[in-house]
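Below, chain A is the first sequence line, B the second, and so on; all start at residue 1.
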2 protein chains.
Amino acid sequence: MKSQLRRGTLEMVLLRLLSEGEMYGYEVASELARRSRGRFEVGDGTLYPVFYRLEKEGYVEPTWRPQDRGVPRKYYRLTPEGTEALETLMAEWRGFVEGVERILTPAADEEQKS
Amino acid sequence: MKSQLRRGTLEMVLLRLLSEGEMYGYEVASELARRSRGRFEVGDGTLYPVFYRLEKEGYVEPTWRPQDRGVPRKYYRLTPEGTEALETLMAEWRGFVEGVERILTPAADEEQKS
DNA sequence: ACCGTATACCTTGTGTTGCAAGATACCTGG
DNA sequence: CCAGGTATCTTGCAACACAAGGTATACGGT
């Protein structure tokens with residue numbers, strides 16, 4: 001149920017994290033949980049498809065980096081288009097939240113009938 | 001795209017409107033647009049299925065009211081269960097928004113590493 | 001050596017749900 | 001009489017979050 005809320009915000013949130021520097025999938029998952037204090041936990045089965053979508057739209061670019069030990073990691077880096085998309089998405093998000101809040105709180109001061 | 005954001009909030013928003021008194025479908029649609037200043041416009045093809053869902057879950061109850069002129073209107077009224085559900089949904093929503101905002105804004109003061 | 005666990009990536013199938021498009025019916029104004 | 005506004009309802013589609021499963025590498029314990 002609550003997972004429906006996440007729709008539409010995942011892309012934004014991923015782009016936001018990448019805007020601070022390249023990251024790999026697993027890192028993103030744990031960083032999300034940490035920052036949101038558990039309010040935004042997402043499994044890797046959810047995560048990777050989002051990355052592919054972002055990649056296909058040209059918002060991120062992957063680079064495989066072999067590790068001294070362990071399996072190679074796929075690091076994602078934000079493109080200029082991704083930066084632009086992030087701004088758009090954040091503006092949409094803020095506008096949306098504002099709209100919802102305006103409905104949730106009766107507000108009293110907006111008596112401009114249709 | 002932006003329509004994905006709406007997921008999970010529609011039920012809450014509808015229940016919230018009904019918590020101020022019974023309303024019928026069309027009324028809800030126009031009230032939503034008015035209050036959110038166009039940020040939350042929803043077609044009737046979206047609206048009615050939500051009402052059925054809410055009704056099936058026992059959160060709202062419909063009453064047909066014939067009009068002096070025009071077609072009868074189906075007014076929905078919030079049940080006690082609906083009131084309870086509304087509170088839960090709003091708490092979830094606020095928690096979710098807080099989580100997202102915490103990710104969007106680097107915050108600087110939460111350096112409690114995992 | 002072997003097994004469990006952690007890291008790390010990927011794929012498939014399923015269920016929810018918002019939406020566009022279309023249908024019906026009543027009323028009013030030109 | 002017909003166009004347009006009110007009002008409800010149905011169908012089919014598409015996006016997408018998620019669980020469950022799969023692969024591979026490394027490491028600690030027995």
Side-chain angles (χ1 to χ4, degrees), chain A residues 1-15 22-33 36 39-57 59-60 62-76 89 92 96 99-100 114, chain B residues 1-15 22-33 36 39-57 59-60 62-76 89 92 96 99-100 114:
Chain A
M1 283 225 159
K2 201 179 56 183
S3 77
Q4 295 293 336
L5 284 178
R6 213 157 305 191
R7 298 214 170 207
T9 60
L10 248 182
E11 295 198 356
M12 172 182 68
V13 150
L14 254 60
L15 291 176
E22 63 174 26
M23 292 177 92
Y24 61 97
Y26 238 67
E27 199 182 2
V28 166
S30 47
E31 187 66 11
L32 280 182
S36 69
R39 271 191 269 261
F40 209 107
E41 279 175 53
V42 58
D44 59 320
T46 304
L47 210 55
Y48 291 113
V50 181
F51 274 126
Y52 302 146
R53 224 155 58 218
L54 293 175
E55 188 181 345
K56 200 162 68 181
E57 284 161 15
Y59 297 159
V60 301
T63 313
W64 281 100
R65 298 203 195 285
Q67 304 296 303
D68 284 355
R69 58 191 56 192
V71 290
R73 291 170 178 168
K74 197 177 184 180
Y75 280 87
Y76 283 98
L89 288 174
E92 273 179 12
F96 175 72
V100 171
S114 60
Chain B
M1 282 227 159
K2 200 176 54 182
S3 76
Q4 294 294 334
L5 285 178
R6 214 156 304 189
R7 298 213 170 209
T9 61
L10 248 182
E11 294 197 357
M12 171 182 68
V13 150
L14 254 60
L15 291 176
E22 62 175 27
M23 294 178 90
Y24 60 97
Y26 236 67
E27 200 182 0
V28 166
S30 47
E31 186 66 11
L32 279 183
S36 69
R39 272 191 267 261
F40 209 106
E41 280 176 54
V42 58
D44 59 317
T46 304
L47 210 54
Y48 292 113
V50 182
F51 274 124
Y52 303 145
R53 225 155 57 218
L54 293 175
E55 188 181 346
K56 201 163 65 180
E57 284 161 15
Y59 297 159
V60 300
T63 313
W64 281 101
R65 297 203 196 286
Q67 304 297 301
D68 285 355
R69 59 191 56 189
V71 289
R73 293 171 178 167
K74 197 178 186 180
Y75 280 87
Y76 284 97
L89 288 174
E92 273 178 13
F96 175 72
V100 171
S114 66

message = By nearest atom, which of the nucleotides D:dA17, C:dG18, D:dC9 is closest to the B:W64 side chain?
response = D:dC9
query = Any side-chain N or O of A:Y24 less than 4.0 Å from the OP1 or OP2 oxygen of C:dT7?
reply = no
inquiry  = Please tell me if B:Y48 has a side-chain N or O lying less than 4.0 Å from either OP1 or OP2 of D:dT8.
reply    = yes
request  = Could you walk me through whether A:L5 and A:F40 pass the side-chain contact (heavy atoms from CB on, under 4.5 Å) test, one step at a time?
outcome  = CA-CA 10 Å; A:L5 284 178; A:F40 209 107; over 6 Å; no
key: A:T9 or B:P72, whichever maps to the more 5' nucleotide of DNA chain D   = B:P72
Starting at [atom1] of [X] and ending at [atom2] of [N], how long is that distance when rounded to a whole Å?
X     : N      : atom1 : atom2 : value
B:R6  : D:dA14 : CZ    : C1'   : 16 Å
B:L32 : C:dC19 : CG    : P     : 11 Å
A:E41 : D:dA19 : CD    : C1'   : 15 Å
A:L47 : C:dA8  : CG    : C1'   : 12 Å
B:F51 : D:dT10 : CZ    : P     : 14 Å
B:Q4  : D:dA15 : CD    : C1'   : 5 Å
A:R53 : C:dT11 : CZ    : P     : 15 Å
B:R65 : D:dT8  : CZ    : P     : 13 Å

query = Under 3.5 Å, is there a donor-acceptor pair between the side chain of B:R6 and the main chain of A:F96?
reply = no
task = Check whether any side-chain heavy atom of A:R73 sits under 4.5 Å from a side-chain heavy atom of A:Y26, and report yes or no.
result = no
query = Are A:E92 and A:M12 side-chain neighbours, meaning at least one heavy-atom pair lies under 4.5 Å?
reply = no
query = Angle class for the A:Y75/A:Y24 ring planes (parallel below 30°, perpendicular above 60°, tilted otherwise)?
reply = perpendicular
task = Report which part of the nucleic acid B:R73 touches: base, sugar-phosphate, or nothing (heavy-atom distance under 4.0 Å, all strands).
result = sugar-phosphate
Touch class at under 4.0 angstrom, heavy-atom based, for A:Y52 against every strand present = sugar-phosphate
inquiry  = Checking side chain to side chain contact (heavy atoms under 4.5 Å, CB included) between B:L14 and each of B:V42, B:T9, B:L54, which is the one that passes?
reply    = B:L54
ask   = For B:R7 and A:Y26, take the nucleotide of DNA chain C holding the closest heavy atom to each; which residue's nucleotide lies nearer the 5' end?
value = A:Y26
query = Can you name the residues that form a side chain to side chain donor-acceptor pair (under 3.5 Å) with A:T63, not counting sequence neighbours?
reply = A:R77
query = When every nucleotide of nucleotides 20-30 of chain C is labelled 5' to 3' by its protein contacts under 4.0 Å (heavy atoms), B for base, S for sugar-phosphate only, - for none, what sequence of letters results?
reply = BB----SSS--
